[in-house]
Engineer: 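Here it is, the structure in full.
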Amino acid sequence: MRYSMLVYIGKMSSTLLEAARYLRTAPADGMRAELLENGRRMLAQIREVLEQERSCLHSDTPLSRLAEMEPLWDACGEGLEERLEQFTRELPGQVPCQVRAVFFAELGEKWDAMASVYDYMRDDPRFDPVVVRTPVGRVVNRDGKREQEILYKDFLTPMGIPSLGYDEYDIDTDCPELAFISQPYESCTMQRFWPEEIAKHTRFVYLPYYVPDLVSPDTPQVLCELPVYRCAWKVCGFSERHYRYYSRHAANGGGNMITTGIPKLDPAFRLRDTAAEIPESWVMKVKGRTTFLWNTWYDYQHSSLPYFGKIAEWLHDHKECAVIWRPHPMTDTVTRLYYPAETYRILQENIAAAKTIPNMVYDEEASYSAAFCCSDAQISDYSSLMFQYLLLDKPVLWTLGPDDTFRRENPEFFIDWRWMEEARQAEDVLSFMERVRQGTDRKADIRKTVLARDLALADGRCGERCVEALWQAMHTEDFGDL
């Protein structure tokens, strides 16, 4: 049975109970007769639904209870209220149901925000999940012309996950009881997948696609005030510290946050025990070498992308080392739309060169798992990948850039930033690579402290806790007054 149908008959039984209490003292007039007739119809509707689902019921108890109540209803007989109250109270536990949950998924690189929630629901008979692939894009007005780039592909089939295209799914027809999104920005997706649109149809849950980490002047807006936070039925919270911050800045005082840890961290945590398979084409490039994961941001000018030449030169001189270059999935789109043609040409030449360097991998995998497992350290522009990598307890270099104005003097944080080394120019990156090559790990002690203190909920069970919290919250709202 669909969960919403169970809620429907539960509400009807609750209404019948209220009517029975009224009928006990109601005068014999037209309203009484109308109530009795409406009650007969409601009992018949409940019976019809339960008969249709009879083969799935835990027992025949609900139907037996109905058989006892129907003659009592007509006569307003002794014990009617008690039986109705018992029937209503027992109903959720007697009737198995499934919650239809839809996951609106975009880039394969962001699937980790939803993966563990989907996996848990897929294996739990209480849920019936479906994944819908949605497009994501960028738009720019250049020389009076509107240019648009849309990214949309089936990244799920290679993972063995069935999915529907966005044009194959109609939320009005499906009527899901839950919907999940991990894209908080309306500018990047179609209007039908905006938070306020989804909230018109169902309870929707926001699964953050990035890890709450540092506090800066724009943090209240980004983490608490976007429409997604206002419209979401529930938001997954990273930690108690995150919840306290959200409570201060969110419009509803934090009332829609569940502090379960964010599911995005589950896949990285699980890599500690189960290493990912390394693509065959990588083996000769990284095997036996000290390997660096170079994670670059999409904004060329404000990223470490201009360091490519010096990193490539260092690799040429240190053939015992390797680099896995993993660019942000929007790098090509943003560079082509927002930068001069010359910048885009340089980017393309660097990509082509990376594919020919014998100890460099250009990572085009949907998942970061392989890169995490076969690298010894990470060089990263600002990204959630830094904090996911922390779970593997390996060195990380944060490439701030020479003009970075982030005020790290702010004492407030969700994850203390001091566990990372810092780079403001290419030479700092090369120095870090040299230290790692020699086995030096400057931040090992503080990294372990931050990992234990600030990522206490990152234990691989965030998705499980999220699902159980949602199940409990739904039942409390829908059956708590029954």
Side-chain angles (χ1 to χ4, degrees), residues 99 101-107 110-118 132 134 136 171 176-266 382-384 387-388 410 412-415 454-455 457-458 462-463 465-474 476-477:
V99 172
V102 57
F103 293 78
F104 293 116
E106 297 169 334
L107 300 173
K110 285 170 54 181
W111 176 244
D112 60 351
M114 298 179 161
S116 65
V117 175
Y118 171 79
V132 176
T134 62
V136 60
I171 196 169
E177 285 88 12
L178 283 176
F180 295 92
I181 67 170
S182 61
Q183 172 58 269
Y185 305 114
E186 291 91 339
S187 61
C188 296
T189 192
M190 302 170 69
Q191 184 172 347
R192 75 174 84 167
F193 304 117
W194 289 2
E196 50 265 54
E197 293 297 322
I198 297 173
K200 294 175 183 177
H201 301 277
T202 186
R203 293 168 164 135
F204 97 81
V205 180
Y206 176 49
L207 302 173
Y209 81 97
Y210 52 82
V211 180
D213 45 83
L214 310 171
V215 174
S216 63
D218 65 346
T219 298
Q221 194 266 337
V222 173
L223 287 188
C224 308
E225 299 170 2
L226 294 174
V228 68
Y229 299 106
R230 171 176 47 81
C231 300
W233 174 61
K234 298 296 178 186
V235 175
C236 277
F238 170 68
S239 64
E240 286 299 325
R241 187 191 296 268
H242 183 201
Y243 172 75
R244 291 193 297 271
Y245 187 91
Y246 185 73
S247 298
R248 293 204 312 269
H249 296 282
N252 64 358
N256 62 345
M257 178 171 279
I258 52 174
T259 310
T260 60
I262 60 172
K264 183 178 183 68
L265 293 174
D266 288 342
Y382 182 65
S383 165
S384 283
F387 306 98
Q388 291 166 280
N410 189 330
E412 196 165 16
F413 56 80
F414 306 111
I415 304 176
D454 298 342
L455 281 82
L457 289 177
C462 297
R465 283 192 296 270
C466 174
V467 172
E468 294 300 335
L470 296 176
W471 176 264
Q472 183 61 49
M474 293 177 71
T476 298
E477 288 186 7

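These numbers come from the heavy atoms of this one structure, side chains and all, not from hydrogens, waters or symmetry mates.
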Engineer: I'd like to check Val117 versus Phe103 (side-chain heavy atoms, cut-off strictly below 4.5 Å). Are they in contact?
Structural biologist: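 When only atoms from C-beta onward are counted, Phe103 and Val117 do touch, with a gap below 4.5 Å.
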Engineer: Less than 4.5 Å apart, any side-chain heavy atom of Val136 and any of Phe193?
Structural biologist: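 A side-chain contact under 4.5 Å is absent here.
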Engineer: Between Ile181 and Pro195, what is the shortest heavy-atom contact and its length?
Structural biologist: CD1-CG, 4.0 Å
Engineer: Before you tell me yes or no, could you show the steps for Trp233 and Glu477 under side-chain hydrogen bond (donor to acceptor under 3.5 Å, both in side chains), namely the whole-Å CA-CA distance, both residues' side-chain angles and the distance that decides it to 0.1 Å?
Structural biologist: CA-CA 12 Å; Trp233 174 61; Glu477 288 186 7; 2.9 Å; yes
Engineer: Where is the tightest heavy-atom contact between Ile262 and Pro212, given as atom of each residue plus distance?
Structural biologist: CD1-CD, 3.8 Å
Engineer: Let me confirm one number: the OH-CD distance from Tyr209 to Glu106, rounded to the nearest 0.5 Å.
Structural biologist: 9.5 Å
Engineer: Going by an N to O cut-off under 4.0 Å, is there a salt bridge joining Glu225 and Arg248?
Structural biologist: no
Engineer: What's the shortest heavy-atom distance between Cys236 and Gly261, and which atoms?
Structural biologist: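 Looking at all heavy atoms of both residues, the shortest contact is CB-O, 4.5 Å.
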Engineer: Which heavy atom of Ala469 sits nearest a heavy atom of Ile258, and at what distance?
Structural biologist: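 Smallest heavy-atom distance, with atoms named: CB-CD1, 4.1 Å.
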Engineer: A side-chain contact here means heavy atoms from C-beta on lying under 4.5 Å apart; do Pro208 and Lys264 qualify?
Structural biologist: no
Engineer: Mind telling me whether Phe238 and His242 have parallel, tilted or perpendicular rings, with 30° and 60° as the class edges?
Structural biologist: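 If you compare the ring of His242 with that of Phe238, the planes turn out tilted.
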Engineer: With the side chain counted from C-beta on, respond yes when Leu265 and Gln388 share a heavy-atom pair under 4.5 Å apart, and no when they do not.
Structural biologist: yes
